[in-house]
S.K.: 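Below you'll find the structure I mean.
Proteins come first, then strands; the chains are lettered A, B, ... in the order of their sequence lines, and each starts at number 1. Computed from a prediction, not measured in an experiment: that's the story for all the values here.
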Amino acid sequence: MYNFKEIEKKWQEYWDKNETFKAINGSDKKPYYVLVEFPYPSGSGLHVGHVRSYTAHDAMARMKRMKGENVLFPMGFDAFGAPAEQYAIKNHIHPSQAVKENIKTFKGQMKKMGFSFDWSREFSTTDPEYYKWTQWQFLQFYKHGMAYKEKMPVNWCPNCKIVLSNEDSQGGVCERCGSKVVQKEKSQWMLRMSNYAEDLLKGLDDTNFADKVKLGQINWIGKSSGVEVDVDIVGGGKFSIFTTCIETIYGITFFVIAPDGKLIKELMPRVENKEEVNAYIEETLLKSNMDRTELNKGKTGVLVKGIKAINPVTKEEVPIYLGDFVLGSYGTGAVMAVPAHDQRDYEYAKAHNIKMIKVIDGEGIDLDNSAYEKDQYLKTDSKLVNSDKFSGLSVIEAKEEITKYLEEKGIARRVNNYKMRDWIFSRQRFWGEPIPMIYCEKCGWVPMDEKDLPLLLPNVVEYEPTDNGESPLAKITDWVNCKCPKCGEDAKRETDTMPQWAGSSWYFLRFMDPHNDHEFASMDAMKYWNKVNWYNGGMEHTARHLLYARFWVQMLYDYGFVPNREMIDTRVSHGMILGPDGLKMSKSKGNVINPDDIVNEYGADTLRVYEMFIGDYQQDAAWNIDSLKGCKRFLDRIFKLKENIIDSNNYTDEFLVNSTIKKVENDILTLKFNTAISSLMIMVNEYEKQKTITKADYSILLTLLNPFAPHITEELNEQIGNDPICNNTWPTYDQSKLVKDKFEMVVQVNGKVRGKIEVSSDFTNEEMEQTALSLDNVKKHIENKKIVKIITIPKKIVNIVVK
RNA sequence: GCUUCUGUGGCGGAACUGGUAGACGCGCACGACUCAAAAUCGUGUGGCCUUUGGUCAUAAGGGUUCGAUUCCCUUCAGAAGCACCA
């Protein structure tokens with residue numbers, strides 16, 4: 001119908017030439033920062049899912065600009081990481097080359113979509129000018145004691161000889177070769193994220209994240225409050241356990257300690273069955289996390305012979321077991337086991353023939369089949385039994401009294417534990433930011449001098465990982481060998497690189513001041529933009545990326561480098577675009593839709609409108625080509641509507657115009673793009689029915705549609721002789737025009753609709769009731785019945801209740 | 001197992017703080033234009049019935065209410081995240 005190719009190209013060039021979307025630091029206009037997660041520039045190009053979230057926020061950015069705000073809507077690329085590395089290994093192309101090409105493709109596709117990004121701020125996390133500051137920030141963290149190196153069990157593929165992330169070892173199988181993944185100890189850089197658990201929890205109050213996003217973060221942090229109790233070992237020594245159910249302490253019949261924890265190593269000299277115990281430890285370490293959690297829920301373990309612990313309250317001697325359900329990395333790595341009141345302990349006790357002691361009495365106890373657990377006994381007013389002087393107390397009272405008692409004895413303290421661990425910050429890969437640390441035999445780990453940054457990635461020729469799992473960087477000796485910055489002696493560089501999450505943890509700050517070469521972003525610039533007002537990304541990133549980014553910012557804040565403790569205000573997430581078959585798009589399923597094909601055949605505006613109209617933005621939606629054609633038809637009809645224009649500056653329908661302005665504006669700000677489009681369709685339907693449309697009507701229609709379909713609207717707007725929409729202001733609606741002088745009154749009898757009639761908006765309740773009662777069909781339904789009462793909602797409804 | 005979300009015509013989805021269920025779009029049917037088709041335009045479109053009306057319908061069942069897609073309880077189904085976290 002219309003030549004979208006020509007029109008779209010024309011306006012894209014116009015915007016480029018006029019720098020229409022440039023955000024100005026320090027402008028007097030109100031700053032507004034809209035951010036959509038920058039993509040990983042994969043070889044397969046832009047995905048229709050990208051188009052959805054970019055269009056949505058492009059619409060928001062365009063409207064905000066028209067409303068006179070200084071909008072920062074930036075775009076960049078997160079290009080470090082495994083896929084580029086894999087690609088390099090396969091094709092023997094340096095990842096920097098592949099990344100360069102992929103970015104070019106992505107950028108070209110984005111431009112063809114007409115997104116109003118401020119391209120003058122573009123960067124990639126792989127740019128030395130950018131990762132210089134990622135490294136610099138790491139050094140600040142190190143200097144504040146937040147980075148440390150420690151031996152950690154990691155996922156290890158014995159075949160590929162490579163360390164895998166949890167994501168790459170799903171199902172306990174190596175993603176690359178399919179071998180079974182095992183646990184291996186490796187020395188890793190760590191960031192003390194657990195120190196910030198409480199701050200990250202509290203900080204949520206200063207944000208406007210969507211509830212489900214906040215919840216995701218809260219769950220991930222996983223705070224639990226309990227008591228840490230010291231336990232004496234028969235014959236000397238002691239260890240601690242963590243519990244949230246101190247009220248059951250009199251019911252302890254054994255302790256379980258983690259096979260991968262430190263405690264068993266300390267106890268080892270006194271263990272009588274060393275062989276058996278060592279064998280079990282080996283076995284546990286060989287199992288991947290997967291085995292330990294999903295496949296093997298059976299309660300395996302061995303008795304540690306020769307060592308007994310003393311129940312801190314009853315002084316009874318109880319056995320110690322090793323069990324892999326106890327994790328070395330959580331709490332103290334040791335638990336008290338109360339089989340009568342904890343299902344997991346119960347199963348373990350059954351499997352190993354350990355006795356149980358009931359210490360809480362209540363209804364419906366059935367210890368032959370299951371434990372009487374916390375969630376059951378807390379609901380009822382169960383009382384303690386077999387608990388010495390605490391017997392007879394309620395569970396709530398006992399919790400407090402026992403804690404106090406143990407505190408006074410000096411053998412317990414109240415503690416909070418968090419599921420969230422410290423962040424494993426090193427990867428044995430070469431396509432990442434080099435960690436700017438140097439190891440010197442004499443001085444230990446020494447940070448690089450800040451003035452020597454960036455530490456550039458050397459030109460790697462051999463991409464394959466080394467046999468011992470070190471990064472390929474380790475093989476580049478002239479890069480590895482260096483002088484110790486402290487003593488000047490020979491030293492070696494760290495060859496691990498940072499994880500992919502590093503660069504994305506602060507990129508939103510760099511967008512505020514992207515070309516700064518003496519700091520990562522100036523305080524002035526950050527104070528001007530203040531916060532990211534809107535941040536959009538996938539739900540899959542709410543736990544990790546968002547938490548890492550907040551942690552990173554909170555550290556920077558504590559060292560005085562950023563103005564706010566939370567730099568992201570509102571976080572929203574989009575639903576996925578699924579394939580036409582309703583399944584997640586993937587090459588293997590062959591259900592991938594390439595946005596380029598759609599743009600070529602239907603134009604960018606149609607694709608944009610379609611993806612906004614497809615359904616609730618925050619919900620998943622399946623691709624439907626027919627529905628897309630409907631959107632094309634909609635744009636064609638608007639194009640055709642131009643033939644009906646009559647030269648007038650008046651609106652034919654004030655109510656329609658004003659209510660649509662209000663609707664579109666509110667809907668964009670609340671992410672209800674689908675209903676914004678539908679209200680515009682209603683408008684078009686109306687004007688088509690009227691056979692004529694005034695120039696004023698048409699101009700408003702084009703302006704309101706512009707955020708969604710910027711090219712065709714600019715073109716038509718120009719053709720009718722107006723100034724470009726992007727230079728205009730967003731229309732304001734007149735509240736007084738939203739009041740109608742008539743409304744359709746609905747009359748119900750006993751809640752069922754029995755009549756509708758158009759009446760004046762000025763009607764009083766009495767007038768409404770009288771009118772209602774006069775309707776024939778209503779009379780029929782109240783005949784011979786007694787009117788009990790009449791409920792009248794002004795300007796809406798009258799409900800007559802009869803008996 | 002835990003947490004969260006979702007469940008509305010043939011389909012995608014509307015319905016503001018409880019107030020006309022099915023907006024808008026797709027599909028379908030019929031009609032116009034055409035030699036014909038496509039495109040376009042017009043009309044209709046939840047089921048059933050005795051069809052200017054009635055009745056049943058928002059996963060199923062119950063409750064609160066004059067009135068429930070919306071609030072509460074129970075059950076079922078699907079999705080996502082976490083997963084032996086003491």
S.K.: May I ask which nucleotide in the shown strands pairs with B/C33, Watson-Crick or G-U wobble, both distances under 3.5 Å?
M.R.: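 Base-paired to nothing in any strand shown.
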S.K.: Counting side-chain heavy atoms from C-beta on, which of B/G53, B/G27, B/C85 comes nearest to A/Lys780?
M.R.: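 Closest nucleotide among those given: B/G53.
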S.K.: Quick check for you: among B/A23, B/G25, B/A21, whose closest atom lies nearest to any side-chain atom of A/Met681?
M.R.: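 Looking only at heavy atoms from C-beta outward on A/Met681, the closest nucleotide is B/G25.
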S.K.: How close or far is atom C1' of B/G1 from atom CD of A/Glu347, stated in whole angstroms?
M.R.: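 The answer, rounded to whole Å, is 11 Å.
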S.K.: Give a yes/no on whether any side-chain N or O of A/Lys789 is located under 4.0 angstrom from OP1 or OP2 of B/C66.
M.R.: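 Affirmative; the distance criterion is met.
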S.K.: Quick test of your reading of the model: are A/Lys780 and A/Asp776 salt-bridged, counting only N-O distances below 4.0 Å?
M.R.: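 A/Asp776 and A/Lys780: not salt-bridged.
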S.K.: If pairing requires Watson-Crick or G-U wobble contacts with both distances under 3.5 Å, which nucleotide is the partner of B/U3?
M.R.: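 Across any shown strand, B/U3 pairs with B/A80.
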S.K.: B/G54, OP1 or OP2 - any side-chain N/O from A/Arg754 closer than 4.0 Å?
M.R.: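 Looking at the OP1 and OP2 atoms of B/G54, one of them is under 4.0 Å from a side-chain N or O of A/Arg754.
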S.K.: Hey, mind stepping through A/His545 and A/Glu37 against side chain to side chain contact (heavy atoms under 4.5 Å, CB included) and telling me if it holds?
M.R.: CA-CA 10 Å; A/His545 158 64; A/Glu37 279 179 1; 3.7 Å; yes
S.K.: Just to be sure I understand the rule, does A/Asp620 reach a base, reach only the sugar-phosphate, or reach nothing, if contact means heavy atoms closer than 4.0 Å?
M.R.: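 Sugar-phosphate: the residue A/Asp620, judged by heavy atoms under 4.0 Å, touches backbone atoms but no base.
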S.K.: Quantified in whole Å, what is the P atom distance between nucleotide B/G42 and nucleotide B/C11?
M.R.: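 26 Å, rounded to whole Å.
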S.K.: Are OP1 or OP2 of B/C56 and a side-chain N or O of A/Lys752 less than 4.0 angstrom apart?
M.R.: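 For A/Lys752, the contact criterion (side-chain N or O under 4.0 Å from OP1 or OP2 of B/C56) is met.
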S.K.: For B/U17, give its Watson-Crick or G-U wobble partner with both distances under 3.5 Å, or none.
M.R.: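 By the stated definition (distances under 3.5 Å), nothing pairs with B/U17.
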S.K.: Would you please confirm or rule out a distance under 4.0 Å between OP1 or OP2 of B/A15 and any side-chain N or O of A/Lys672?
M.R.: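 True: A/Lys672 side-chain N/O within range (under 4.0 Å) of B/A15 OP1/OP2.
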S.K.: Just to confirm, is there a sub-4.0 Å distance from OP1 or OP2 of B/A86 to any side-chain nitrogen or oxygen of A/Ser224?
M.R.: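 Yes, within the criterion.
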S.K.: Separation of A/Lys689 atom NZ from B/G42 atom P, in whole Å?
M.R.: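 In whole Å, B/G42 P and A/Lys689 NZ are 10 Å from each other.
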S.K.: Give a yes-or-no answer on whether the side chains of A/Tyr535 and A/Thr207 include a donor-acceptor pair shorter than 3.5 Å.
M.R.: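 Looking only at side-chain atoms, A/Thr207 and A/Tyr535 do not form any donor-acceptor pair under 3.5 Å.
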S.K.: Could you give the distance separating B/G9 and B/U74 at their P atoms, to the nearest angstrom?
M.R.: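 Pairwise P distance, B/U74 against B/G9, rounds to 25 Å.
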S.K.: Identify whether any heavy atom of A/Asp211 sits under 4.0 Å from a base atom; if not, whether one sits that close to sugar-phosphate; answer base, sugar-phosphate or nothing.
M.R.: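 The answer is nothing, as A/Asp211 stays clear of every strand by at least 4.0 Å.
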S.K.: Could you check B/G9 for me: syn (within 90° of 0) or anti?
M.R.: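 Syn, angle within 90° of zero.
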S.K.: Write down the distance separating the C1' atoms in B/G61 and B/G54, rounded off to the nearest Å.
M.R.: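 To the nearest whole Å, 27 Å.
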S.K.: Which part of the nucleic acid does A/Ile791 contact within heavy-atom distance under 4.0 Å: base, sugar-phosphate only, or nothing?
M.R.: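 Base contact - A/Ile791 has a heavy atom under 4.0 Å of at least one base atom.
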S.K.: Tell me whether the OP1 or OP2 atom of B/G25 has a side-chain N or O from A/Asn685 closer than 4.0 Å.
M.R.: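 Yes, within the criterion.
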S.K.: From B/G13, B/A15, B/C85, pick the nucleotide closest to the side chain of A/Arg421?
M.R.: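 The nucleotide sitting nearest to the side chain is B/C85.
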S.K.: Taking for each residue the nucleotide of RNA chain B bearing the nearest heavy atom, is the 5' side occupied by A/Thr243 or by A/Ser679?
M.R.: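 Its nucleotide being nearer the 5' end, the pick is A/Ser679.
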S.K.: Please pick, from B/C82, B/C24, B/A86, the nucleotide with the shortest atom-to-atom distance to any side-chain atom of A/Phe613.
M.R.: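 The listed nucleotide nearest to A/Phe613's side chain is B/C24.
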S.K.: Considering only side-chain heavy atoms of A/Ser678, which listed nucleotide, B/U3, B/A86, B/A23, is closest?
M.R.: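 So the nucleotide nearest the side chain must be B/A23.
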S.K.: Do the side chain of A/Lys212 and the base of B/U4 come within less than 3.5 angstrom through a donor-acceptor pair of N or O atoms?
M.R.: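 Check fails, no donor-acceptor contact within cut-off.
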S.K.: Strictly below 4.0 Å, N to O, side chains only: are A/Arg52 and A/Glu611 in salt-bridge contact?
M.R.: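 No.
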S.K.: Over 60° means perpendicular and under 30° means parallel, so classify the ring planes of A/Tyr348 and A/Phe254, tilted if in between.
M.R.: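 Answer is parallel, since the angle falls under 30°.
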S.K.: NA contact type, A/Asn777, heavy-atom cut-off 4.0 Å: base, sugar-phosphate, or nothing?
M.R.: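 It contacts sugar-phosphate atoms only.
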S.K.: Are A/Asn674 and B/G25 close enough that a side-chain N or O sits under 4.0 Å from OP1 or OP2?
M.R.: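 Checking B/G25 against A/Asn674, no side-chain N or O comes under 4.0 Å of OP1 or OP2.
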S.K.: What nucleic acid atoms does A/Ile793 come within less than 4.0 Å of, heavy atoms only: base, sugar-phosphate, or nothing?
M.R.: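 The answer is base, as A/Ile793 lies within the cut-off (heavy atoms under 4.0 Å) of a base atom.
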S.K.: Taking atom C1' in both B/U51 and B/U17, compute the distance separating them and give it to the nearest angstrom.
M.R.: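 To the nearest whole Å, 38 Å.
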S.K.: Suppose you measure atom C1' in B/C33 against the same atom in B/U43; what distance do you get, rounded to whole Å?
M.R.: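 Their C1' atoms lie roughly 16 Å apart.
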S.K.: Using Watson-Crick or G-U wobble geometry with both distances below 3.5 Å, tell me the partner of B/U55, or none.
M.R.: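 For B/U55, the partner nucleotide comes out as B/G47, under the 3.5 Å rule.
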S.K.: Is the shortest side-chain N/O distance from A/His781 to OP1 or OP2 of B/G54 below 4.0 Å?
M.R.: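 Answer is yes, contact under 4.0 Å.
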S.K.: Could you tell me whether A/Tyr610 and A/Tyr602 have their ring centroids closer than 6.0 angstrom?
M.R.: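 Centroid distance A/Tyr610-A/Tyr602: not below 6.0 Å, so no.
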S.K.: Expressed as a whole number of Å, how far does the P atom of B/G62 sit from that of B/U69?
M.R.: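 About 14 Å, rounded to a whole number of Å.
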S.K.: Does A/Glu744 reach a base, just sugar-phosphate, or nothing at all? Heavy atoms under 4.0 Å.
M.R.: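 Base contact - A/Glu744 has a heavy atom under 4.0 Å of at least one base atom.
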S.K.: Report yes or no: do A/Asp422 and A/Ser194 form a side-chain donor-acceptor pair below 3.5 Å?
M.R.: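 The answer is yes; a qualifying pair exists.
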S.K.: Taking only the P atom of each, what is the distance from B/A29 to B/G19 in whole angstrom?
M.R.: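 One P to the other, the span is 37 Å.
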S.K.: Is it the case that the ring center of A/Phe634 lies less than 6.0 angstrom away from the ring center of A/Phe613?
M.R.: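 No - the distance between ring centres of A/Phe613 and A/Phe634 does not fall below the 6.0 Å cut-off.
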S.K.: Just to be sure I understand the rule, does A/Val746 reach a base, reach only the sugar-phosphate, or reach nothing, if contact means heavy atoms closer than 4.0 Å?
M.R.: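 Contact class for A/Val746: base.
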S.K.: Report the nucleotide, chosen from B/A86, B/A14, B/U6, that has the shortest atom-to-atom distance to any side-chain atom of A/Gln619.
M.R.: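 The answer is B/U6.
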S.K.: Less than 4.0 angstrom from a charged side-chain N to a carboxylate O is my criterion; do A/Glu400 and A/Arg414 meet it?
M.R.: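 Counted as a salt bridge, because a side-chain N and a carboxylate O are separated by less than 4.0 Å.
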S.K.: So, OP1 or OP2 of B/A39: does either fall under 4.0 Å of a side-chain N or O from A/Arg633?
M.R.: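 No, A/Arg633 has no side-chain N/O under 4.0 Å of OP1/OP2 on B/A39.
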S.K.: With a 3.5 Å cut-off and just heavy-atom distances, do the side chain of A/Asn799 and the base of B/C66 make a donor-acceptor pair?
M.R.: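 Yes, the side chain and the base share a sub-3.5 Å donor-acceptor pair.
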S.K.: Looking at B/A23, B/C41, B/U4, which one has an atom nearest to any side-chain atom of A/Arg637?
M.R.: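 Among the listed nucleotides, the one closest to the side chain of A/Arg637 is B/C41.
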S.K.: Can you check the distance between B/U45 and B/G22, where both ends of the measurement are the P atom (answer in whole Å)?
M.R.: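 Comparing P positions in B/U45 and B/G22 gives a spacing of 12 Å.
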S.K.: Across all strands shown, which nucleotide pairs with B/U65 by Watson-Crick or G-U wobble geometry, both distances under 3.5 Å?
M.R.: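 For B/U65, the partner nucleotide comes out as none, under the 3.5 Å rule.
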S.K.: Would you kindly compare A/Tyr418 and A/Glu688 by the position of their nearest RNA chain B nucleotide and give the one closer to the 5′ end?
M.R.: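 Of the two residues, A/Glu688 wins.
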S.K.: Base, sugar-phosphate, or nothing for A/Gly630, non-hydrogen atoms under 4.0 angstrom?
M.R.: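 Sugar-phosphate only.
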